[in-house]
Amino acid sequence: MIAEVIVDVPAKQTDRPFDYVIPQSLETVIQIGMRVVVPFGPRRIQGFVIGIKPQSTLNKLKKIIEPLDLTPVLSESLISLGNWLSEETLSYRISAYQAMLPAALKAKYQKKLQVSTESKHLLPQTLQDLFTNQDSILWEEAKETGYLSLLQQEVTKGHILIIYEVKDKIKKKKRLAIRSALSTEELKAYQSSLTPRAQKQHDVIKYFIANNDWIFLTDLTATLQISNAVVKELVKKEVLEESEREIYRDPYENRYFARTEPLLLTNEQQEAIDPIHDRIAKSLHEVFLLYGVTGSGKTEVYLQSIQKVLERGQEAICLVPEISLTPQMVHRFKGRFGNQVAVMHSGLSAGEKYDEWRKVQRGEVKVVVGARSAVFAPFENLGLIIIDEEHETSYKQEENPKYHAKDVAIKRGKQGSFPVILGSATPSLESFARAKKGVYTLLSLPKRMNNQDLPQVDIVDMREELRSGNRSMFSSSLLEKLQLRLEKKEQTVLFLNKRGYSSFVMCRDCGYVVNCPNCDISLTYHRHQQQMKCHYCGYEDHVPSVCPECQSDHIRYFGTGTQKVEEELHKVLPEARVIRMDVDTTSKKGSHERLLNEFQKGHADILLGTQMIAKGLDFPNITLVGVLSADTMLHLPDFRSSEKTFQLLTQVSGRAGRHQLPGEVVIQTYSPEHYSIELAAEQNYDQFYEREMMIRKGLKYPPFYFITLITVSHEQLMKALDVTEKITTFLTSRLTKSAICLGPVASPIPRINNRYRYQCLIKYKREPELNQSLKKILDQYQQEVTSTSLKISVDVNPFILM
DNA sequence: AGCACGCCGACT
DNA sequence: GTCGGCGTGCTC
């Protein structure tokens with residue numbers, strides 16, 4: 001039989017199946033969806049079997065070397081989903097398949113030089129020394145010895161072989177398990193033959209007479225209070241046998257989740273859930289937009305919908321944005337569905353991710369809660385996909401394949417004929433517009449659960465503060481309220497919006513800003529290392545003490561980091577206990593949850609943080625939320641900046657007063673009259689939607705138009721510009737009249753790592769030929785892409801326009 | 001992506 | 001006359 005294999009070479013020319021003979025011995029083993037090792041040119045590489053057929057049109061085929069899996073890692077439906085994904089995102093099929101699997105399944109390649117014992121003595125002395133203790137050395141190491149040409153001579157003589165190894169990236173975690181090697185009768189006989197002094201052995205035998213199953217060595221020694229030696233001795237005597245047993249790493253091991261029962265739904269929740277339950281029962285595909293204000297009980301709707309799916313013997317996926325940020329969410333799912341839940345998020349190690357994935361693959365769990373890539377969970381009988389906080393940008397992957405989890409979810413929903421729920425308090429304009437058009441079904445939860453009032457929001461004009469002589473980062477109003485909370489022993493959350501607002505070094509005399517020499521952006525100041533770093537290429541430099549332009553020593557850093565805010569806080573409120581949450585304090589595993597726990601227990605008065613504290617916090621004692629700089633991302637070159645600002649502010653404000661105590665919110669801003677800030681303060685989504693839609697319509701942006709962004713980069717500015725120009729001309733000629741092709745324009749970051757970047761932005765309504773045209777472009781420049789430094793990136797529905 | 005093959009300049 | 005530079009094209 002012949003296998004069609006997609007090989008692990010992400011390139012245009014290899015983005016198609018290659019035929020291989022399945023050797024007789026593997027005919028019953030090799031299945032569609034398995035990873036295999038195949039010879040490819042002189043190398044050995046990994047590939048995916050995507051088809052099996054009796055014959056090939058070619059006649060001199062190579063053989064599959066070996067399978068890498070015992071069971072397929074991709075089902076046929078996931079393979080076709082992968083093909084769709086590569087088609088939609090214009091990426092390679094191999095990249096699409098790999099994006100659907102845990103990283104642990106990506107192959108690791110090693111090139112080695114190997115010498116056989118017979119030919120070892122034939123080598124020149126210098127080379128023999130290299131192989132004294134080993135039969136092979138890594139190619140990389142060989143390069144460093146400087147004997148590479150000498151070694152290559154031996155390769156041609158046939159004394160040394162070049163071998164290519166394909167390995168899995170991680171090892172399976174194993175533990176030693178023990179069981180009896182004898183029958184119960186034999187054990188009893190052995191027991192009676194023991195001397196009375198061998199008490200411990202006696203205990204072990206007694207245990208195995210009662211239990212003849214496998215037990216982990218560690219568990220056995222712990223329960224019987226014995227040492228390993230006792231067991232090892234019995235293994236040696238062949239009374240017991242041992243075996244390496246594969247185990248799962250459970251990130252939530254030893255954690256207790258209080259069991260919860262379905263809550264009684266409010267009338268509104270019931271009305272929202274009815275149509276969902278109906279489509280689940282009828283196995284109908286439909287997309288629901290669940291639009292519910294913060295605290296309206298969306299999660300309970302999710303949980304009870306999943307319940308329904310499980311009762312029908314189907315499985316469900318719930319996507320949440322970066323789940324490690326919301327341990328509370330995990331608690332709710334584990335509490336309701338116990339060990340039927342697998343959790344997948346970026347906080348897990350590669351091994352843990354792999355283990356969670358395998359629980360799904362083996363059918364040991366029925367529910368997955370996870371970040372973006374969990375949308376590919378290998379369930380075979382899916383009944384529901386939920387996307388919580390559907391407006392979140394983290395659902396879009398910025399690397400190839402540049403997919404949006406929402407599109408994948410809907411595709412799977414259509415294929416499997418089941419509903420998809422998109423939930424948000426601040427839906428993306430795209431989704432809300434679709435709901436209004438009837439493409440999605442709108443379900444609303446307009447009221448908070450306990451009818452709590454929305455918090456009182458104050459907008460503080462920081463320009464006024466400055467005029468009245470307050471140069472600190474806290475307005476007098478915020479400071480006053482902070483003091484009041486300290487007295488009343490209530491908690492405050494301070495939110496610093498850092499995105500698009502990094503600390504940079506500027507000369508106060510001449511305005512010189514320290515820039516990266518390779519990229520056209522300013523270097524970011526890193527306080528703890530006293531260094532300047534470029535976030536795009538990694539360039540590092542010292543902080544200058546005098547201005548390189550005008551020699552003035554009035555050069556200092558600008559921008560507000562959480563550390564600086566913390567210092568200021570200590571100055572003005574020395575008695576306040578502050579917990580700071582940012583990338584520095586949460587980089588260690590589990591530290592995120594630990595800090596939140598401390599805050600919840602009341603070990604601090606103020607929680608100070610960035611983006612990451614905007615979601616999921618639901619603590620009864622928080623009565624004040626302060627937003628230190630509401631408008632920093634309003635001025636980014638992004639047509640979604642108003643939308644993002646509105647969503648973020650609404651989100652943050654929702655943190656206050658979720659329980660008995662009423663909440664207050666202070667928003668500090670330099671543009672208090674901006675509609676996204678004013679309307680976020682009122683929590684007025686509907687009016688924001690209307691305003692923003694008007695603007696989008698005028699500017700021909702989504703949801704009125706689709707957009708696709710092409711970015712061309714090259715070491716030479718002229719080349720990048722020239723190619724972009726040609727692409728723009730080509731596209732303009734092939735698109736319909738209603739499409740707009742903007743370009744070539746310099747990218748908002750015109751140079752990264754010494755590569756100049758130009759873009760072409762396409763806005764269109766309906767362009768069925770677009771994908772075809774884009775493929776043509778990629779084909780056209782394929783040669784230049786491989787031979788010169790030209791790079792062309794295509795992003796269909798981009799979220800970042802840089 | 002790698003790697004071999006192949007055609008030109010700088011050395012023993 | 002050979003070593004090694006990297007342009008070109010292929011990998012079942």
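By convention in this document, chain letters (A, B, ...) are assigned in the order of the sequence lines, proteins followed by strands, and residues within each chain are numbered from 1. Note that the coordinates shown come from a computational prediction; the quantities given were computed from them, not determined experimentally.
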I need the [atom1]-[atom2] distance between [X] and [N], as an integer number of Å.
X	N	atom1	atom2	value
A/Glu784	C/dG9	CD	P	14 Å
A/Lys12	B/dG2	NZ	P	19 Å
A/Leu148	C/dC3	CG	C1'	14 Å
A/Asp8	C/dC12	CG	C1'	16 Å
A/Glu4	C/dC12	CD	C1'	11 Å
A/Arg43	B/dC3	CZ	P	6 Å
A/Ile22	C/dC12	CD1	P	16 Å
A/Glu165	B/dG2	CD	P	17 Å

Do [X] and [Y] meet the criterion of a side-chain donor-acceptor pair at a distance under 3.5 Å?
X	Y	value
A/Lys719	A/Thr788	no
A/Ser91	A/Tyr403	no
A/Glu380	A/Ser75	yes

| field | Ion pair check, A/Asp8 and A/Arg35, cut-off under 4.0 Å | value | no
| Carboxylate-amine/guanidinium contact A/Lys775 A/Glu87, below 4.0 Å | yes
Classify the nucleic acid contact of [X] as base, sugar-phosphate or nothing, counting any heavy atom under 4.0 Å across all strands shown.
X	answer
A/Tyr164	sugar-phosphate
A/Lys111	sugar-phosphate
A/Pro17	nothing
A/Arg16	base

| Below 4.0 Å: OP1/OP2 of B/dA1 and any side-chain N or O of A/Tyr109 | no
| request: Please tell me which of the listed nucleotides, B/dC3, B/dA1, C/dC12, lies nearest to the side chain of A/Tyr20? | output: C/dC12
| field | Residue A/Val9, side-chain heavy atoms: nucleotide from C/dC12, B/dC3, B/dA1 that is nearest | value | B/dA1
| Can A/Phe18 be called stacked on C/dC12 when the rule is centres closer than 5.5 Å and an angle between planes below 30°? | no
